[in-house]
Amino acid sequence: MADAIRLSGITRHFGRLKANDNVSLSIRSGSIHALVGENGAGKSTLSNIVYGLLRPDSGTIEINGRPVTFTSTRQAIEAGIGMVHQHFMLVPTLTVAENIILGRERSKFRLQMRRFEREIRELGLRHGLEVDPDSLVSTLSVGEQQRVEILKLLYRQARILILDEPTAVLSPPETERLFATLRSLAAAGRTILLITHKLDEVLAVSDEVSVMRKGALAGTIPTGSATKEELARMMVGRSVLLKTENPPQASGKPVLCIDRLDFVAPDGGKKLHALSLTVHEGEIYGIAGVEGNGQSELLSLLWGTSDRQACIGGSITLNGHPILGMTSSAIADMGVSMIPEDRLKSAIVPEYGIEENLILGRHREPEFHRGIGFDHDRIHLNAGQLIERYDIRCGSDANPAIASLSGGNQQKIVLAREMERPGLKLLILAQPTRGVDIGAIELIHRRIIDARKSGLAVLLISSELEEVIALSSRIGCMFKGSICHEFSEEEVRKGREEESGLEKEIGLHIT
C-alpha cells in the first residue's frame, strides 16, 4: 500500500531546544496510525509541521508521493489534510452548518443554506456522524461538537485526518462511537493520524504506532504485536508502573459536607439539583461523570467563583464552617487548594516564568517576602525543590516562560504549587491528568495517594473512569447535576482488585 505521508529527516528548533530531531516516518494510506510519546516529546510539533502551522528547519515532506512545502495551513488543506485540535475550533453562536462552511462560502452574495444543510446531513449519515445542521454549537454535547469538527474536514474533502487527543473529553460510549467512525473512514481509504497518550486506545483502534522520545523517533511497530508495557517503556525509556498502588486506609472525620446543593443559572438552566456528598480526612472521593453534568458549577461554588446572578440553594461546609458565598482567597486561607479544569484559563499566567507561576496565589505567604519586597532567593529555591520533586522538565533556561513548556509540564507546575500549600485540609482536583503522558500520570497519581495517606481530604473530579477507579476510596456518579449513585469503599476496592467490571457499571449510571 502506498504512503499517504512520508517525512524524511525532519528537524525543528525553538531556540536551543530541538523539538524534532531528524525524524523520518511513513504513514500508509487508508491506515490508522497512532503517534505517542511523553509531553514534550515532539508529537505536536511534528503534526503541526504536517498541517502547515510550522515549517521544519530541515527535512522533506511527501504527500501521496508528491514533495510539498507548506507555508500555511491553507496549502495543507488544499493538499487534502485536515486537523481536529484538542481544543475545538468552533464558534458557539453559529449553527453546525455555519461552522462547517465558515471560510468555504461558495458565493459572495446569497448563501444557499438549505443546500449546505442537506449536504451536511447526508455526509453525516454516510459516515455515522449524525448531527442536526440547524443546531447551535453552544447547545451540543462535547461528543457532538467533535462530530462537527470531523464533518468539517470531510466537507472540505480531507483525505488525511490528524486528530490531537480526540478522546480527552469523551465518555466511554462516545469514544467507542468515534472509533467506529475512524475505522469506517480508514476502510473507505482515508488516512488517520491519531495523537494520544492513552495506550489502551492505541491498541484498540490503530494499525501501527510510532513512539517519540525527546524529539526523536524511538520506533514504529505494528499495533497487533505491541503491548502496553512495551509502548510505555519506549515512551519513557524505563519500565512504568501501569497499575497504581493504592492500599486501603481508614478515613477520619468529615471535612467537606455538601447538602442538597442547587444551582440555577441566570438563563433558567438547572445545573445542580439536591447534590449531596461528604469527603473525610484520609479519603479520596471520586466523582465520575460525562462533562457538562454540573461539574463546572460545583467547582465554581467550592472555589467562590460562581455567577452572582445564579440562584443557589443548599449548603457547603468545611470542618463545620459554611463557605458558600466566600471569596476564593478566603476559602484558600481555610486550607483549601484546587487544581481547576482549565489550567490555561484559571491556573497559570503563560507570560510569567516558572518561578512566578509556582507561587501564584501563594505570593502573600511570609516565606516569599523580605521586607516590603519579594525574597527572590527563596522563590528560586522553592522552584528548584518543586521542579525536582515533581519532575518538571523545563530545559536549560534559568526561568523560562511557562508558555514554552508542554501541557503536561504546565499541569505538574499547577499540581506542585497547590499540593505544597502549607496547612492544607482539602484538595480539590479537576481533571488532574488531562493531556498528561503516561510517565507523568504515574508521578501525579503517586503524589495524590501520598496526600491521602497524610490525612488530607481529596475531592477528585475526572472524566477518566480508569483514573477515578484507581484512586478513589468512594465514587459518586454524577448525572444531570446530582449524585445519582454512590459506590461504597468496599465496592470500589473489590472492583479495583478483581477488575470486576466496575468501569462498565459506572458507565451505566453516568450516560
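Sequence positions, counted from 1, serve as the residue numbers for this chain. Since the model is a prediction, treat every value here as computed from it, not as a measurement.
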Sub-4.5 Å side-chain heavy-atom contact between Val131 and Leu140: yes
Nearest heavy-atom neighbours spanning Arg190 and Ala158: NE-O, 3.0 Å
Audit row: Ile428, Ile339, side chain to side chain contact (heavy atoms under 4.5 Å, CB included) steps and yes/no: CA-CA 6 Å; Ile428 303 168; Ile339 284 82; over 6 Å; no
Ignoring hydrogens and angles, write down the donor-acceptor pairs under 3.5 Å from the side chains of residues 475-488, residues two or more places apart or on other chains.
from, atom 1, to, atom 2, distance (Å)
Ser482, OG, His273, O, 2.5
Glu486, OE1, Tyr285, OH, 2.6
Glu486, OE2, Arg474, NH1, 2.9
Ser488, OG, Glu491, N, 3.2
Ser488, OG, Glu491, OE1, 3.3

Spacing of Ile448 atom CD1 and Leu415 atom CG [to the nearest 0.5 Å]: 6.0 Å
Straight-line distance of Ile444 CD1 to Glu442 CD, nearest 0.5 Å: 11.0 Å
Minimum heavy-atom distance between Leu460 and Ser472, given as atom pair plus value: CD2-OG, 4.1 Å
Heavy-atom check, side chain of Leu298 versus side chain of Ile461, under 4.5 Å: yes
Distance-only donor-acceptor check, side chains His127 and Thr181, under 3.5 Å: no
Counterpart residues, side chain to side chain donor-acceptor pair (under 3.5 Å), relative to Glu418 (two or more places apart): Ser337, Arg421
Residues Leu178, Ile150; criterion side chain to side chain contact (heavy atoms under 4.5 Å, CB included); working and verdict: CA-CA 10 Å; Leu178 172 66; Ile150 297 174; 3.6 Å; yes
Min side-chain heavy-atom separation Leu193-Ile160 under 4.5 Å: no
Check: Pro422 and Arg362 side chains under 4.5 Å, non-hydrogen atoms: yes
Qualifying residues under side chain to side chain contact (heavy atoms under 4.5 Å, CB included), relative to Leu136, sequence neighbours excluded: Thr95, Ser138, Thr139
Non-hydrogen side-chain atoms of Lys228 and Glu230 separated by less than 4.5 Å: no
Pair Ser300-Ser306, side-chain hydrogen bond (donor to acceptor under 3.5 Å, both in side chains): steps then yes or no: CA-CA 5 Å; Ser300 71; Ser306 61; 4.9 Å; no
Pro222: partners by side chain to side chain contact (heavy atoms under 4.5 Å, CB included), with sequence neighbours left out: Ser225
Distance-only donor-acceptor pairs under 3.5 Å for side chains of residues 315-323, two or more places apart:
none

All pairs passing salt bridge (charged side-chain N to carboxylate O under 4.0 Å, His left out) where residues 85-94 contributes a residue, at least two apart: none
Spacing of CD1 belonging to Ile32 relative to CZ belonging to Arg183, to within rounding of 0.5 Å: 7.0 Å
Heavy-atom closest contact (Thr278 atom, Glu283 atom, distance): O-OE1, 3.9 Å
Non-hydrogen side-chain atoms of Leu203 and Leu231 separated by less than 4.5 Å: yes
Minimum heavy-atom distance between Leu123 and Tyr155, given as atom pair plus value: CD2-N, 3.6 Å
Full working for salt bridge (charged side-chain N to carboxylate O under 4.0 Å, His left out) between Lys494 and Glu505: CA-CA 13 Å; Lys494 183 178 178 182; Glu505 195 173 345; over 6 Å; no
Trace of the side chain to side chain contact (heavy atoms under 4.5 Å, CB included) decision for Leu426 with Leu456: CA-CA 6 Å; Leu426 172 67; Leu456 203 62; over 6 Å; no
Close side-chain approach of Val209 and Ile221, heavy atoms under 4.5 Å: yes
Whether Asn246 side chain and Ile449 backbone form a donor-acceptor pair below 3.5 Å: no
Using residues 249-263 as the side-chain source, report each donor-acceptor pair under 3.5 Å to any protein atom, sequence neighbours left out, with the distance given to one decimal.
from, atom 1, to, atom 2, distance (Å)
Gln249, OE1, Arg452, NH2, 3.4
Gln249, NE2, Arg452, O, 3.0
Asp262, OD1, Ala274, N, 2.7

Lys271: partners by side chain to side chain donor-acceptor pair (under 3.5 Å), with sequence neighbours left out: none
Atom CD of Gln309 with >12 non-hydrogen neighbours under 6.0 angstrom: no
Straight-line distance of Thr223 OG1 to Asp207 CG, nearest 0.5 Å: 6.5 Å
Residues Leu302, Leu459; criterion side chain to side chain contact (heavy atoms under 4.5 Å, CB included); working and verdict: CA-CA 11 Å; Leu302 289 171; Leu459 178 64; 3.6 Å; yes
For Arg147, side chain to side chain contact (heavy atoms under 4.5 Å, CB included) partners two or more places apart: Leu129, Glu144, Arg177
Salt bridge (charged side-chain N to carboxylate O under 4.0 Å, His left out) contacts in which one or both residues fall within residues 329-349, not counting sequence neighbours: none
Arg447 (side chain) donor-acceptor with Arg389 (main chain) under 3.5 angstrom: yes
Contacts of type side chain to side chain donor-acceptor pair (under 3.5 Å), residue Ser462, not counting sequence neighbours: Glu467
Main-chain N/O of Glu489 paired with Ser473 side-chain donor or acceptor, under 3.5 Å: no
Any Phe179 side-chain heavy atom under 4.5 Å of Glu201 side chain: yes
Sole candidate of Gln146, Glu464, Lys198 that passes side chain to side chain donor-acceptor pair (under 3.5 Å) when paired with Thr167: Lys198
N/O donor-acceptor pair under 3.5 Å between Asn48 side chain and Leu53 backbone: no
Rounded distance [0.5 Å steps], CE in Met89 versus CG in Leu102: 13.0 Å
Residues which pass side chain to side chain contact (heavy atoms under 4.5 Å, CB included) with Asp134, listed by chain and number, not counting sequence neighbours: Arg114, Glu117, Arg121, Asp132
Nearest heavy-atom neighbours spanning Ala288 and Ile506: CB-CG2, 3.8 Å
Worked check of side-chain hydrogen bond (donor to acceptor under 3.5 Å, both in side chains) between His33 and Ser206: CA-CA 6 Å; His33 194 111; Ser206 67; over 6 Å; no
Shortest non-hydrogen separation from Leu153 to Gly82 and the atoms involved: CD1-C, 3.6 Å
Donor-acceptor under 3.5 Å (Asn409 side chain, Leu405 main chain): no
Backbone of Val290 reached by a side-chain donor or acceptor of Asn293 within 3.5 Å: yes
